[in-house]
Amino acid sequence: MVNRNRASALQPHHKHMCGSELRAIIGPDNTRPCPVGAGGTEGQPSSGRLLPAIWCLVQFCLIMFAVRVSVVCFLLTITSGSVEEENPEFWRKSAQNTLRSALSRKINTNVAKNIVLFLGDGMGVTTITAARILKGQLQKHSGEETVMNMDTFPNVGLAKVYSVDFQIPDSAATATAYLCGVKTNLNTVGVSAAARNGVCRSQKGNEVTSILRWAKDAGKSVGIVTTTRVQHATPAASFAHSASRTWYSDADLPASAATEGCVDIATQLLHNIDIDVIIGGGRKYMTPKGFPDPEYPSDASAQGQRRDGRNLIQDWIQMKEGKVARYVWNKTDFDALDPEKTDYLMALFEPADLRFDVERDHSMDPSISETTDKAIQILKKNPKGFFLLVEGGRIDQGHHSSRASAALHEAVALDEAVSRGLELTDEEETLTIVTADHSHAFTFNGYPFRGNSILGKSPIFASDFLPYTTLMYGNGPGHKITNNKRPDIRKVDTADKDYIQQSAVPLDSETHGGEDVAVFARGPMAHLFQGVYEQNYIPHAMAYAACIGENQQHCAITAKPDENPDTSTDPGNSAQNMPVYTFTILMISTLMRILLH
């Protein structure tokens with residue numbers, strides 16, 4: 001049954017193969033020579049021998065077609081699924097288990113004490129699917145049936161990601177949407193769409209605050225964990241206001257911006273919000289120009305970049321005087337930190353972005369799971385709760401390089417961080433969200449059989465008789481055409497971390513995609529994230545669940561009787577406090593008694 005279905009599915013693909021192969025042999029102008037013995041001069045078939053030449057070519061085409069069909073038929077005889085999957089009861093039982101789980105689900109209407117937002121930069125639905133398969137295959141399974149940690153979230157929605165000025169957005173505009181609650185223009189962070197990209201004066205008066213600020217104002221602890229530089233677009237939108245996402249340090253500010261009073265993102269990191277935990281990369285944007293990096297002292301590109309001569313790391317330590325504030329730049333010191341004895345943490349593990357997880361030096365840099373763990377351990381000490389942003393930022397950068405292996409391993413690492421976050425928090429009081437800012441021009445294609453390596457090749461060649469990978473890009477640096485031919489990758493290890501997937505359109509850097517992104521939610525008020533909505537809805541729903549920000553109606557709805565704001569608090573009354581509505585009922589009852597008598 002499995003094999004017949006596969007043959008049926010593949011039939012349309014082979015139906016018209018002969019025509020394309022015939023064109024490949026004859027050529028567009030019908031002058032390509034026939035095999036030896038067909039007659040005619042090369043490139044010039046004689047009129048008397050044209051029909052035999054065509055018949056010869058047709059025979060050749062049929063032979064090639066037969067070879068390909070034979071290969072396909074052989075492959076179709078291989079049963080890749082498990083024996084139990086051939087039994088319909090397997091699927092019925094699986095569906096019933098899923099149904100029972102859905103029916104037993106109860107809506108959690110608690111107030112969210114904590115919020116953890118996991119953001120996969122560039123983690124579109126195709127990336128999630130491919131990462132799921134990779135995760136399973138890393139565990140020696142087929143992969144397709146694997147369940148990601150984010151897959152277990154009971155509430156799923158779709159967010160529309162376009163920006164105010166572009167159909168397909170960047171990470172700055174999207175971060176402003178899902179953190180600040182307003183859509184804005186490309187390349188700007190923490191400002192409304194009234195601000196213009198790169199125009200300093202336009203950001204004045206158009207600043208917008210983020211949920212990180214709302215949480216801090218409510219007395220909660222707040223933190224940022226990222227695998228990029230901490231001044232990058234996603235984390236920057238949580239604390240900074242900038243007409244350009246690239247103004248990382250004062251050295252990046254144009255002269256006009258500096259004159260007009262705009263402040264670089266690294267400086268804003270220290271002064272805009274009192275952030276309890278800051279973990280990521282970006283050391284060189286914090287130190288004076290030429291300041292040697294502690295890890296790469298002889299590398300000029302890793303040296304400090306600031307023109308104002310300030311060492312913002314030292315400034316940060318001095319600002320926390322009277323508190324236990326720790327700065328670390330390596331895993332040894334990071335591991336030695338005691339969260340119970342740490343009030344503030346700044347951990348910067350690289351001069352700029354962290355390394356890809358597949359290239360990470362495990363002795364020097366912790367994983368995103370480890371940094372998430374440490375952040376939560378520090379933040380959860382606050383009895384009022386916390387807000388934590390965790391970004392898997394290098395998923396995006398792997399895709400831009402068309403390195404699918406690097407991108408997918410980053411997504412798997414983020415999913416492990418999700419697992420760690422769930423272990424350290426209580427679902428009854430912690431709202432956990434997993435989403436992406438945007439997707440990529442990333443495709444999962446062909447007809448690979450079950451268990452085929454997600455980083456491998458399709459078992460069926462293309463019409464140019466060359467193999468292709470099941471993961472490809474619509475555009476990017478993988479477009480390589482020589483003599484009108486694609487590269488022959490039969491002997492290429494496409495699972496290698498440095499392999500660059502082929503793409504249809506040549507670009508130095510692959511672009512984002514514009515389709516909706518998935519939003520996974522669990523915990524208090526997670527049902528608010530079902531459906532299809534604008535991306536800027538996300539922080540408003542999170543804030544409502546936690547009773548922070550402008551809309552605090554949820555607090556009034558869920559308030560316990562002894563927390564009712566209408567309770568008497570007269571300090572001169574020695575009697576127990578009595579709710580107003582109870583007092584009113586007693587007065588009406590007494591009045592009615594008098595009137596009736």
Side-chain angles (χ1 to χ4, degrees), residues 112 115-132 148-190 192-193 208 210-212 214 226 233-238 387-393 395-396 399 411 414-415 418 431-442 511-546 549 551:
I115 301 174
V116 184
L117 172 59
F118 289 95
L119 191 286
D121 196 323
M123 191 177 68
V125 172
T126 304
T127 300
I128 293 173
T129 302
R132 179 189 299 125
M148 299 269 274
N149 292 296
M150 65 183 79
D151 292 339
T152 65
F153 285 38
N155 301 279
V156 182
L158 291 173
K160 297 185 280 187
V161 301
Y162 66 90
S163 64
V164 170
D165 55 347
F166 276 78
Q167 197 171 64
I168 297 178
D170 76 324
S171 297
T174 51
T176 303
Y178 65 75
L179 288 171
C180 302
V182 299
K183 290 210 170 194
T184 190
N185 298 322
L186 213 72
N187 292 329
T188 63
V189 291
S192 72
V208 292
S210 75
I211 191 170
L212 193 85
W214 310 341
T226 181
T234 297
S238 70
F387 173 85
L388 175 63
L389 169 64
V390 180
E391 183 202 18
I395 300 170
D396 176 73
H399 280 318
L414 179 66
D415 192 60
V418 172
L431 173 62
T432 304
I433 304 292
V434 181
T435 188
D437 47 359
H438 54 73
S439 66
H440 277 265
F442 184 51
T511 69
H512 295 167
E515 68 269 24
D516 300 350
V517 297
V519 182
F520 303 87
R522 67 187 298 170
M525 306 303 289
H527 59 283
L528 295 178
F529 296 89
Q530 298 179 29
V532 181
Y533 37 80
E534 299 287 355
Q535 193 171 41
N536 68 292
Y537 164 77
I538 294 173
H540 293 284
M542 290 191 294
Y544 179 85
N551 189 344

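Keep in mind that this is a model prediction, so the values were computed, not measured.
For the pair Thr174/Gln535, a side-chain contact is recorded, criterion being any heavy-atom separation below 4.5 Å from C-beta on. By the 4.5 Å heavy-atom criterion applied to side chains, Tyr178 and Ile433 are not counted as neighbours. For the pair Ile538 and Ile211, the minimum side-chain heavy-atom distance is 4.5 Å or more. Contact annotation: the side chain of Leu179 approaches that of Leu117 to within less than 4.5 Å [non-hydrogen atoms, C-beta and beyond].
Counting all heavy atoms, side chain and backbone alike, Leu414 lies closest to Gly392 at CD1-N, 3.9 Å. Between Pro235 and Thr226, the closest heavy-atom pair is CG-CG2, 4.4 Å. Residues Gly514 and Ser439 approach most closely at N-OG, 4.0 Å, considering heavy atoms. Residues Ala518 and Ile128 come closest through the heavy atom pair CB-CD1, 4.5 Å. The two atoms that bring Pro154 and Ala521 nearest to each other are CD-O, 3.6 Å, heavy atoms only. Nearest approach of Cys180 to Gly190, heavy atoms of both residues: SG-CA, 4.3 Å.
Judged by distance alone, with hydrogens and angles left aside, the side-chain atoms of Thr435 form no donor-acceptor pair with the main-chain N or O of Leu119 at under 3.5 Å. Checked by atom type and distance alone, the side chain of Asn155 never pairs as donor or acceptor with a backbone atom of Arg522 at under 3.5 Å. Distance alone, capped at 3.5 Å, is enough to place a donor-acceptor pair between the Thr176 side chain and the Ala172 backbone. Proximity of a side-chain donor or acceptor of His540 to a complementary backbone N or O of Gly181 within less than 3.5 Å is detected. Under the 3.5 Å distance criterion, the side-chain polar atoms of Asp415 are matched with a main-chain donor or acceptor of Asn149.
Residue Asp165 holds its CG atom at 5.5 Å from CG of Leu186, rounded to the nearest 0.5 Å. To the nearest 0.5 Å, the span separating CG on Leu431 from CE on Met542 amounts to 7.5 Å. We find the CZ-CZ distance between Phe520 and Phe118 to be 13.5 Å, quoted to the nearest 0.5 Å. Once rounded to the nearest 0.5 Å, the distance linking OG of Ser238 with CD of Glu391 reads 10.0 Å.
Relative orientation of the His399 and Phe442 rings is tilted, given thresholds of 30° and 60° on the angle between their planes. A perpendicular orientation is assigned to the rings of Phe529 and Tyr533, their planes being inclined by more than 60° (bins at 30° and 60°).
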For a side-chain hydrogen bond (donor to acceptor under 3.5 Å, both in side chains) check, start with the C-alpha distance between Tyr162 and Glu534, then their side-chain angles and the critical distance, and finish with the verdict. CA-CA 9 Å; Tyr162 66 90; Glu534 299 287 355; 2.6 Å; yes
Let me see the working for Met123 and Val517 under side-chain contact (heavy atoms from CB on, under 4.5 Å), right down to the final yes or no. CA-CA 8 Å; Met123 191 177 68; Val517 297; over 6 Å; no
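Just one residue in the list Thr126, Thr127, Asp396, Thr511 forms a side chain to side chain donor-acceptor pair (under 3.5 Å) with His440, and that residue is Asp396.
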